[in-house]
Amino acid sequence: MAKNLSGDLTVASANRLADGVVVFLDDKGHWTRHLEQAALARDKRASELLLARARAESFSVVDPFLVAVAEDEQGDLEPISLREKIRVSGLTFEAIAADAVRYA
Amino acid sequence: MPDTHFYHYDKYDRTLLSERVEQFRDQVRRRLAGELTEEQFKPLRLTNGLYLQLHAYMLRIAIPYGTLSSRQLRQLAAIARKYDKGYGHFTTRQNLQLNWIRLEDAPDAVAMLAEVDMHSIQTSGNVVRNTTADHFAGAAADEIEDPRVWCEIVRQWSTLHPEFSFLPRKFKIAITGSPNDRAAVRIHDVGLRLWRNEQGETGFEVIVGGGLGRTPMIGKTVRAFLPKDEMLAYLEAVLRVYNRYGRRDNLFKARIKILVHEIGIEKMREEVEAEYAAIKDSALKLDPQTIEAIAAHFAPPPLPHRPAISGEVERLKLEEPDFALWLKSNTAPHKLAGYRIVTASLKPAGAPPGDASSVQMEGVADIADAYSQSEVRVSHEQNLVLPHVAVEDLPAVYRALAGLGFAEANVGKITDIIACPGLDYCALANARSIPVAQRISNHFANLARQHDIGDLKVKISGCINACGHHHVGHIGILGVDKNGVELYQISLGGDVDFGKTALGDIIGPAVAADRIVEAVDALVRTYLDRREEGERFVDAYRRIGVEPFKESVYAAV
């Protein structure tokens, strides 16, 4: 998995143990699929605490790590790296599964 | 049609597999219950081919020497439908990857594999991986001997071999039985090439220390001619030398190619031959009965005499230009005159290379049952192969494949692109591969133009690990990450053809993702302007060198 990143704004992410789905730690210490519900750390110290908390809550996930994010004026978060953008939004092309219908 | 001409597991194999499935089931249960940490569990799941990628777990399924029965292919389709998203990705190692497997379903998926004598064991880790072979094995007109007999012997020897379960790094073996190397034997840790010497005996040229990745190397011949019955003892000697001297202190220097490079092929030969001398008369020497018993599983299927020329084929060649192109590029000579080998292109225009849906897999299995003795092969170029199609049946097979989207007449052409899964799936990747392949494929979709351009192998990797074989592409494309931006480095002149194996030369600075199609187009235009009669892209490159290509690329991007 990706290295821990230290940036100004971070969220904690992991893959869910049972199915590998990408999840984020929220303010209540639950893992959520929704980036907009992720707990946001705004400085280095808060990031360290967030990562420690994520590791403490890692029973149902695999290898928590920090993701550097940007926040727009509306407060919406977006990962900075392409890798993390893809982890959030999924494949950047249409998978062949659609053809299962086309060729049926 | 019964799949009688395939290797079938014996009681020993089946017991081993069923015990392994139950072991894995218990390991998964304990992990989900929190009785195992990820640190404890990771090596266990990897041993069973279960990776964790960006979005999900991925199960890598071994397809021994790329040979599948229609029954096995249907089972793969069923597993993909039941436990994945209804599709899979055929890889450059002739394996199948399912990209959306849930951990809790993985034991049931591997149990379904075991039902058809398949597994995912040793598709990860520092062990001997699935042995690959010529995808035309047992059918090719130019074949000296079917290499799968020897692949199967290697499979039995290397499966859970206790001495080689903790090698310095992974170990890949490829075997070809033809002078035209379709198995890329010089870019494997060990490549075995069957050939006939002046006395008329067949044996192996043993090639060692090839590989791609961060430090690409072309393998060197450690033994020019090895009697076939000595194959296992010699392989054991090679593995022992590697196990003893291979570097374990640096992950990037741990492959056997680095050992061969550092000590030199002469010293490597000396070490291997010394070890070999000590064990060559051991139980590893293959007795004729053992070889015959395994060879019997690969006896040619009963192919009735069929006419070498078909009026219907000749008529369609004139009436349907796409069929005529398909005959040229997607069929190859069979050892029997009334048959052809058909390649089903998994590269329709704009599709993710190597991907097939469950419906498509089942469709290919049906075609194999009707027209190809229930046999299917997976090529390292990420296509499927129907090895035994009667000439008279070619029109029907063409139409059936077209119905699946697999009759694109592009095998060996610019859109028959090898691409790794890249950053869309892979945790190791730096850049995307599949979308780049799709854009190139769409740009060059016109079949007549592709055939005018001729043979041109484009290979794309999303990182330096080179799963997309970019080092040996006529045009190689490597995705790199520079400060968070995807860039693509272009190399030219790579090749895996036997006697011409070469690593590509990087032409200059990487180009932006949104200019890669223009760059490839510039390379093609330069070739078309400068080529001589009958000259392939890679041959023109060798003749005129990099400068004209470089100039046109950087003018275009």
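Every chain is numbered from 1, with letters handed out A, B, ... down the list of sequences. Predicted model, so just to flag it, every value in this text is computed and none were measured.
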**From CG (A:Asn15) to CG (B:Leu52), nearest 0.5 Å** = 4.5 Å
**Complete:** If one checks every heavy atom of B:Ala77 against chain A at 4.5 Å, the contacting part turns out to be neither
**Request:** State the CG-OG distance between B:Leu32 and A:Ser60, to the nearest 0.5 angstrom.
**Result:** 10.5 Å
**Per-residue contact mode, B:Arg81 against chain A (heavy atom under 4.5 angstrom)** = neither
**Message:** Using heavy-atom distances under 4.5 Å, tell me whether B:Ile434 contacts chain A through its side chain, its backbone, both, or neither.
**Reply:** side chain
**Message:** Atom CD of residue position B:Glu39 - does it have more than 12 heavy atoms of other residues, nucleotides or ligands inside 6.0 Å?
**Reply:** no
**Prompt:** Do B:Tyr57 side-chain atoms and A:Leu17 backbone N/O form a donor-acceptor pair below 3.5 Å?
**Reply:** yes
**Message:** Does any backbone or side-chain atom of B:Glu486 lie under 4.5 Å from a heavy atom of chain A? Answer side chain, backbone, both or neither.
**Reply:** side chain
**Prompt:** Where do A:Arg83 and B:Ala429 come nearest, in terms of heavy atoms and distance?
**Reply:** NH2-O, 2.9 Å
**Request:** Using a 4.5 Å cut-off on heavy atoms from C-beta on, say whether the side chain of A:Val22 contacts that of B:Leu54.
**Result:** no
**Per-residue contact mode, B:Gln438 against chain A (heavy atom under 4.5 angstrom)** = side chain
**Prompt:** Got A:Leu82 and B:Arg432 here, is their nearest side-chain heavy-atom distance under 4.5 Å?
**Reply:** yes
**Message:** Rounded at 0.5 Å granularity, tell me how far CG in A:Asp19 sits from CG in B:Asp105.
**Reply:** 9.5 Å
**Request:** Can you see which heavy atom on A:Phe59 is nearest to which on B:Ala33, and at what distance?
**Result:** CZ-O, 3.9 Å
**Request:** Give the C-alpha distance, both sets of side-chain angles, the deciding distance and a yes or no for side chain to side chain contact (heavy atoms under 4.5 Å, CB included) between B:His55 and A:Ile86.
**Result:** CA-CA 9 Å; B:His55 318 278; A:Ile86 291 173; 3.7 Å; yes
**Request:** Measure distances from B:Ala80 to the heavy atoms of chain A and classify the residue's part below 4.5 Å as side chain, backbone, both or neither.
**Result:** neither
**Spacing of A:Ser81 atom OG and B:Leu423 atom CG [to the nearest 0.5 Å]** = 8.0 Å
**Request:** Using non-hydrogen atoms and a 4.5 Å limit, figure out which bit of B:Ala431 sits close to chain A: side chain, backbone, both or neither.
**Result:** neither
**Asked** Near A:Arg33 CZ, under 6.0 Å, is it more than 12 heavy atoms from other residues, nucleotides or ligands?
**Response** no
**Fill in**
Shortest non-hydrogen pair, B:Pro435 vs A:Thr92, comes out as CG-OG1, 3.5 Å
**Fill in**
Turns out that what part of A:Val61 lies under 4.5 Å from chain B's heavy atoms comes down to backbone
